Amino acid sequence: MSNNIRVRFAPSPTGHLHVGGARTALFNWLFARHEGGTFIVRIEDTDRARSTEESERAVLEDLTWLGLTWDEGPGVDGGHGPYRQSERLDLYREHAERLLASGKAFRCYCTDEELEEKRKTALVEGRVPQYDGVCRDLTPAARKQLENEGRSPVVRLRAPTRDVAVSDLVRGDIEFKKEMLGDFIILRSDGRPTYNFAVVVDDALMQITHVIRAEEHLPNTMRQVLVYETLGYALPAFAHVSLIVDKDRSKLSKRRGATSVAEFRNLGYLPGGLLNYLALLGWSPPDSEEVMSVAELIEKFELERVSPSPAAFDEDKLDWVNAHHLREEPLADVAALGTRFAEARGLVEPDFDRFEAMVDLAREGLARLSDLPDAISFFFDGDLEVEDGAREWLFRDETKQLLASLVSRLGESEGEMDAGTFKAALKAAGKDAGVKGKDLFMPVRSALTGRTHGPALGEVAAVLGRGRVIGRLTQAEGGS
RNA sequence: GGCGCCAUCGUCUAGCGGCUAGGACGCCGGCCUCUCAAGCCGGUAACACGGGUUCGAUUCCCGUUGGCGCUACCA
């Protein structure tokens, strides 16, 4: 069932899942599903100051809501765990120990202040700030001395000084100059690993074959390649996808609107709609069919068709994609997702079939589920809100007679009232009153829904049911 | 500052040396229709700039400009 392709999504639990992260996760997931590989989720929580369990829960929840389920990760053991970096500390220590023993890494006793001082001086003198290697070849005696001063060392990699070339699946060949970095830290003074070290140890141990991540990590790739090499592990393939930016080309910011998956969920977007839109940001299908189900995305997805340039988030198009999903996804799913939006507005319908029927009629005109309550509120009992435009139709001279005629026509039919019987009665009543077209429909629509816009009238009447229809017509007739 | 990435309609994109530069969102019209949507038809709008390479560049190379990222004991 699965081949040897293994990819991972590695979020740091510092808040809700961002749409950028969601897209990275999506590309990994689609690639894995398309290739029949394994999708792994790994929690990068080595930054203890910012990571919280609550955030981890939130991120995992967001992924689950999107349907991006993992084959290995928190809660799903696949033999390469644990899947939380905070639980893998011994692994990093062992690897660092190994490098220390072979002389490929060394302990550095420089303090933050000393380093900061040197950095400033370098900047002032117009040099590139870089670790100067003072602790590179400390004698055991010198180290003892420094430790006696109470300094706790970090571990630095003895970085090979040479250019590094990487072949990226979406960007082609990239070359990093050797001047770019000095001996960088792999283990902090408290024994926790730095990002670039932990990532490599984890990716190697978890046998990740394709590292698909955001472009912001591109410069890190050089360090990581060096770590792979000194550790003696084989390099994975890299694919750096572009960033999602704002309309004004800057980083996606909160102030401009929703940025997290949770926010989009609350705004009434469907998981399938959001996923579809996100996929279109930086990837294009081989055909020109842009509205796709998850199954179609999996079938069509290829890394070769991922674009290297940053993409701006466009809510208009998201709405358009979501609107399509709203009316094309299974009615039961849409209705189930819509329930909480309706109930939040006090629109509770115990009969799910009837609720489904309402959603079915309303979804034609919706872009998001948050618009659902407004679109179906008139189906519910209680005081019917009547718009000004609707009131005008009700006050017309001919309306009273028309409605009376319709009530009596409806009285002639028996049993269930479906859209067909209602329409037949409507037509007959129209003949009685000598009106047709707009003059026939609008007064009735107004009486039944209190509005001048809405789904097909016959279907609306059927969902309302004979009792409500006659009740509302009678009430409107009396009031007109 | 240094290093790196990116550059086709307002936006998402197709294009992989020869195209009237295609599609989608949006916008503007029209059709359909009881209405709103949807749907259908039509319109609007782009190869950042300058050098090369080539018979021929949107496409390949270099530079400029612009945008973004990295430059932490954050990820």
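Below, chain A is the first sequence line, B the second, and so on; all start at residue 1. This is a predicted model, so every value here is computed, not measured.
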| query | Given that both distances must come in under 3.5 Å, which nucleotide forms a Watson-Crick or G-U wobble pair with B:C40? | reply |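 When the pairing criteria are applied, B:G30 turns out to be the nucleotide that pairs with B:C40.
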| query | Using purine N1 to pyrimidine N3 plus N6-O4 or O6-N4 for Watson-Crick, or N1-O2 and O6-N3 for G-U wobble, each under 3.5 Å, what pairs with B:C3? | reply |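 Pair assignment: B:C3 / B:G69.
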| request: For A:Ile376 and A:Ala342, work out which heavy atoms get closest and say how close. | output: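 Of all heavy-atom pairs spanning A:Ile376 and A:Ala342, the closest is CD1-CB, 4.2 Å.
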| message | Give me the atom names and distance for the closest heavy-atom approach of A:Ala22 to A:Val261. | response | CB-CG2, 3.7 Å
When you get a sec, tell me which of [options] is the closest nucleotide to the side chain of [X]?
{"X": "A:Arg249", "options": "B:C12, B:C70, B:C6", "value": "B:C12"}
{"X": "A:Arg223", "options": "B:U71, B:C25, B:U35", "value": "B:U71"}
{"X": "A:Phe441", "options": "B:C34, B:C68, B:U35", "value": "B:C34"}
{"X": "A:Pro308", "options": "B:G23, B:C12, B:C6", "value": "B:C6"}
{"X": "A:Leu218", "options": "B:G4, B:G10, B:C6", "value": "B:G4"}
{"X": "A:Lys317", "options": "B:G4, B:U11, B:C12", "value": "B:C12"}
{"X": "A:Ile185", "options": "B:C73, B:U11, B:G69", "value": "B:C73"}
{"X": "A:Pro219", "options": "B:G69, B:U13, B:C34", "value": "B:G69"}

| task | Could you point out which residue of A:His217, A:Glu44, A:Arg223 forms a side-chain hydrogen bond (donor to acceptor under 3.5 Å, both in side chains) with A:Tyr195? | result |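 When side-chain hydrogen bond (donor to acceptor under 3.5 Å, both in side chains) is applied between A:Tyr195 and each of A:His217, A:Glu44, A:Arg223, only A:His217 qualifies.
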Whole angstroms only, please: what is the [atom1]-[atom2] distance between [X] and [N]?
{"X": "A:Met442", "N": "B:U35", "atom1": "CE", "atom2": "P", "result": "8 Å"}
{"X": "A:Gln224", "N": "B:C70", "atom1": "CD", "atom2": "P", "result": "14 Å"}
{"X": "A:Tyr195", "N": "B:C70", "atom1": "OH", "atom2": "P", "result": "11 Å"}
{"X": "A:Leu457", "N": "B:U33", "atom1": "CG", "atom2": "C1'", "result": "13 Å"}
{"X": "A:Glu459", "N": "B:C34", "atom1": "CD", "atom2": "P", "result": "13 Å"}

Would you say a side-chain N or O of [X] is under 4.0 Å from OP1 or OP2 of [N]?
{"X": "A:Arg119", "N": "B:A72", "result": "yes"}
{"X": "A:Thr194", "N": "B:C73", "result": "no"}
{"X": "A:Arg305", "N": "B:G15", "result": "yes"}
{"X": "A:Thr46", "N": "B:A75", "result": "yes"}
{"X": "A:Arg213", "N": "B:G69", "result": "no"}

Tell me what [X] touches on the nucleic acid: a base, only sugar-phosphate, or nothing, going by heavy atoms under 4.0 Å.
{"X": "A:Ile174", "result": "sugar-phosphate"}
{"X": "A:His217", "result": "base"}
{"X": "A:Lys251", "result": "sugar-phosphate"}
{"X": "A:Glu44", "result": "sugar-phosphate"}
{"X": "A:Cys110", "result": "base"}
{"X": "A:Ser12", "result": "sugar-phosphate"}
{"X": "A:Ala49", "result": "nothing"}

| request: Encode nucleotides 37-49 of chain B as B, S and - characters from 5' to 3', where the letter depends on protein heavy atoms closer than 4.0 Å: B to the base, S only to sugar-phosphate, - to neither. | output: SSS----------
| Looking just at side-chain N and O atoms, do A:Asp432 and A:Ser405 make a donor-acceptor pair shorter than 3.5 Å? | yes
| message | Checking A:Arg396 against A:Ser446: is there a side-chain donor and acceptor pair closer than 3.5 Å? | response |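 Looking only at side-chain atoms, A:Arg396 and A:Ser446 do not form any donor-acceptor pair under 3.5 Å.
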hbond_proxy [X] side chain to [N] base (donor-acceptor, 3.5 Å cutoff):
{"X": "A:Arg445", "N": "B:C34", "result": "yes"}
{"X": "A:Ser189", "N": "B:C73", "result": "yes"}
{"X": "A:Asn220", "N": "B:A75", "result": "yes"}

| field | First encountered from the 5' end of RNA chain B, between A:Asp112 and A:Val170 | value | A:Val170
| said: Closest-nucleotide mapping onto RNA chain B: is A:Gly282 or A:Asp190 further toward the 5' terminus? I mean the 5' end. | reply: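 Result of the comparison: A:Gly282.
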| request: Please determine which of A:Arg158, A:Lys104, A:Arg136 meets the salt bridge (Lys or Arg N to Asp or Glu O under 4.0 Å) test together with A:Asp183. | output: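 The salt bridge (Lys or Arg N to Asp or Glu O under 4.0 Å) with A:Asp183 is passed solely by A:Arg136 among A:Arg158, A:Lys104, A:Arg136.
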| Distance flag, aromatic centroids of A:Phe27 and A:Phe301, threshold under 6.0 Å | yes
| said: Ring centroids only, cut at 6.0 angstrom: are A:Tyr277 and A:Phe313 within range, meaning strictly under it? | reply: yes
| message | I need the A:Leu275 CG to A:Leu26 CG distance, nearest 0.5 Å. | response |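 If we round to the nearest 0.5 Å, A:Leu275:CG and A:Leu26:CG are 5.0 Å apart.
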